[in-house]
Amino acid sequence: MTAQHAHPASRFTGAARPYGGGDPYADYRTADFPFTRLTDLADRRLGAGVVAANDEFFAERENLLLPGRAVFDPERFGHKGKVMDGWETRRRRGAAAGDPWPAAEDHDWALIRLGAPGVVHGIVVDTAHFRGNHPRDVSVEGASVTGSPGPEELLSGEVAWTTLLPRTPVGGHAANGFAVPADRRFTHLRLSQYPDGGIARLRVYGEVVPDPVWLEALGTFDVVALENGGRVEDASDRFYSPPANTIRPGRSRRMDDGWETRRRRDQGHDWISYRLAGQAEIRALAIDTACLKGNSAGWASVSVRDSEAGAADGRGGEERGGKGGGGGGDGGWREILPRTRLQPDTDHRFVLPAPAVGTHARVDIFPDGGVSRLRLFGSLTEQGSAALAARHRELGG
């Protein structure tokens, strides 16, 4: 049986069939959710964490935010029962023998600290491998809290919670995806499941909105990093790994933790275009090919453009098979690092001869291959700082 795909508006309800052997994902129910190309604000690699949960009897709350899809081992049992790769609570019961069923509002909850505060545009409640033991309904609320609050503060009556996803039925062994019409900046979420059960993963897709006071205090920082508000806008190829890996925190530890394209059989090249945290003055950059040894890019160039200065809205290159974008003058792009030879498994660092101002950046690799990280070091311009501060206020930050 093949995986079932549905329209993004689809809702999966009810239990999945019992596991019958073979590939456990063969009957997994999912859909193509357009918001999943946005940043996962609840990514542990950005610093997200599950602050607390009221119950985690069968499986730990921390599993909710693990990168990668959940794993199922049909033979793995522990002293409490079946070991599941997710968050699973014990079965709720009623108050007495005459009323053995959970009350309508009985539920379990988990508090999540987002790795990068921001605006939530989509949520995926993944119940992979929870076939008859998934929750009946789920809900998600968001809050914006300064500092690093603990569970007591988050559960106090002083924190205002906003409903992002009202109580909604979900299906077992499925990627339950929901678009969120939010227009506020959140730092924490409260995930509730009714009345009990298990959830494998929680993904929270949206737009990072950094704290302008923090960035101003830093002075010089990586203006394209995910945690600072940078994001990928487009890329020529996403075959082996997502281009957003190039702006994640830390160095890549494995080959698939970077960006690698398929092998080209034409005269074109590959590229990624980015939106910076704001209009910035870039003074140095780094291109890292860590863990890419026989498949790193041969050469790379870096360009910027400044949309605040009225530059044309170029895409950063043509689709695969074309020749792609080049240096300055192409769609408003200005080359700040000319085509430069790259070495495998190496962090290449460059100090620019003069600062470059831009709102967008693009890395072009020749002819194909991959890079693991791109770093653009600089600071926001006065105009960029003002725009970020205004956006932060607008979103209730």
Side-chain angles (χ1 to χ4, degrees), residues 5-13 29-51 53 61 64-67 69 86-87 107-128 134-145 154 159-171 174-194 199-211 226-227 229-233 242 244 275 391-397:
H5 294 270
H7 187 273
S10 296
R11 294 292 177 264
F12 305 113
T13 57
R29 297 177 288 178
T30 187
D32 295 323
F33 304 111
F35 51 73
T36 57
R37 284 199 172 184
L38 300 174
T39 302
D40 181 4
L41 305 178
D43 192 329
R44 280 197 59 83
R45 292 168 291 185
L46 289 178
V50 185
V51 177
R61 66 183 191 264
L64 278 172
L65 306 186
L66 291 178
R69 66 182 190 173
W87 169 50
H107 67 280
D108 294 316
W109 52 263
L111 299 175
I112 293 96
R113 179 189 66 248
L114 297 179
V119 180
V120 179
H121 294 298
I123 294 172
V124 174
V125 178
D126 188 352
T127 57
H134 61 287
R136 183 179 61 227
D137 308 309
V138 299
S139 66
V140 180
E141 301 162 277
S144 183
V145 187
L154 293 171
V159 174
W161 292 92
T162 300
T163 299
L164 303 182
L165 175 68
R167 182 170 173 174
T168 304
V170 292
N176 300 275
F178 308 95
V180 176
D183 58 355
R184 289 188 55 199
R185 177 182 184 267
F186 295 105
T187 61
H188 293 76
L189 300 184
R190 180 163 59 191
L191 170 65
S192 299
Q193 57 173 344
Y194 302 82
I199 297 171
R201 298 288 189 268
L202 176 71
R203 305 303 188 207
V204 183
Y205 297 99
E207 168 196 356
V208 176
V209 182
D211 181 354
L226 279 176
E227 67 266 34
R231 65 178 185 267
V232 168
E233 290 208 323
R275 174 85 190 195
R391 176 74 170 150
H392 193 263
R393 290 192 301 270
E394 175 188 339
L395 296 170

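Count residues from 1 along the sequence.
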Taking the side chain from Asp126 and the backbone from Leu202, do they hold a donor-acceptor pair closer than 3.5 Å?
no

With side chains defined as the heavy atoms from C-beta onward, is the minimum distance between Arg167 and Arg136 less than 4.5 Å?
yes

Restricting to non-hydrogen atoms, name the atom on His134 and the atom on Gly171 that form the minimum distance, rounded to 0.1 Å.
CD2-C, 3.7 Å

For a quick test of reading the model, state the closest non-hydrogen atom pair linking Val170 to Pro135 and the distance between them.
CG2-O, 3.4 Å

Counting heavy atoms not belonging to Arg44, are there more than 12 under 6.0 Å from its CZ?
no

Quick one, Thr162 with Arg184, criterion side chain to side chain donor-acceptor pair (under 3.5 Å). Give me CA distance, side-chain angles, the key distance, then yes/no.
CA-CA 9 Å; Thr162 300; Arg184 289 188 55 199; 3.0 Å; yes

Can you list everything that forms a side chain to side chain contact (heavy atoms under 4.5 Å, CB included) with Ala110? Sequence neighbours excluded, please.
Val50, Ala53, Leu64, Trp87, Ile112

Between Ala116 and Leu46, which heavy-atom pair has the shortest distance, and what is it?
CB-CD1, 4.1 Å

Any residue meeting side chain to side chain donor-acceptor pair (under 3.5 Å) with Ser139, in chain and number order, not counting sequence neighbours:
Tyr194

For the backbone of Pro117 and the side chain of Thr187, can you confirm whether one donor and one acceptor N or O come within less than 3.5 Å of each other?
no

Tell me, please, which residues at least two apart from Arg201 pass salt bridge (charged side-chain N to carboxylate O under 4.0 Å, His left out).
Asp85

Across all chains, not counting sequence neighbours, the salt bridge (charged side-chain N to carboxylate O under 4.0 Å, His left out) partners of Glu141 are Arg190

When rounded to the nearest 0.5 angstrom, what distance separates OG1 in Thr39 from OH in Tyr205?
10.5 Å

Salt bridge (charged side-chain N to carboxylate O under 4.0 Å, His left out) partners of Arg185, counting only residues at least two apart:
none

Pairing residues for Asp108 by the side chain to side chain donor-acceptor pair (under 3.5 Å) criterion, not counting sequence neighbours:
Asn54, Thr89, Arg92

Look at the side chain of Ser192 and the backbone N and O of Trp109, then say whether any donor-acceptor pair between them is shorter than 3.5 Å.
no

Here the gap from Ile199 atom CD1 to Arg61 atom CZ, rounded to the nearest 0.5 Å, amounts to 14.5 Å

So do Leu164 and Phe186 actually touch side chain to side chain, heavy atoms under 4.5 Å?
yes

Atom of Glu227, atom of Val208 and distance for their closest heavy-atom approach:
O-CG1, 3.9 Å

Who passes side chain to side chain donor-acceptor pair (under 3.5 Å) against Glu207, sequence neighbours left out?
Arg391

Heavy-atom closest pair (Leu66 atom, Arg203 atom, distance to 0.1 Å) is O-NH2, 2.8 Å

Can you sort out the partners of Thr13 under side chain to side chain contact (heavy atoms under 4.5 Å, CB included), two or more places apart, ordered by chain and number?
Pro169

Could you grab the distance from atom OG1 of Thr30 to atom CZ of Phe12, nearest 0.5 Å is fine?
6.0 Å

Partner residues of Ala244 under the side chain to side chain contact (heavy atoms under 4.5 Å, CB included) criterion, sequence neighbours left out:
Val232

Taking all non-hydrogen atoms of both residues into account, name the closest pair between Ala175 and Val124 and its distance.
CB-CG1, 4.1 Å

Salt bridge (charged side-chain N to carboxylate O under 4.0 Å, His left out) partners for Arg37, two or more places apart:
none

Listed partners of Leu165 passing side chain to side chain contact (heavy atoms under 4.5 Å, CB included), at least two apart:
Val138, Val140, Thr168, Phe178

With sequence neighbours excluded, what pairs up with Arg45 under the side chain to side chain donor-acceptor pair (under 3.5 Å) test?
Asp43

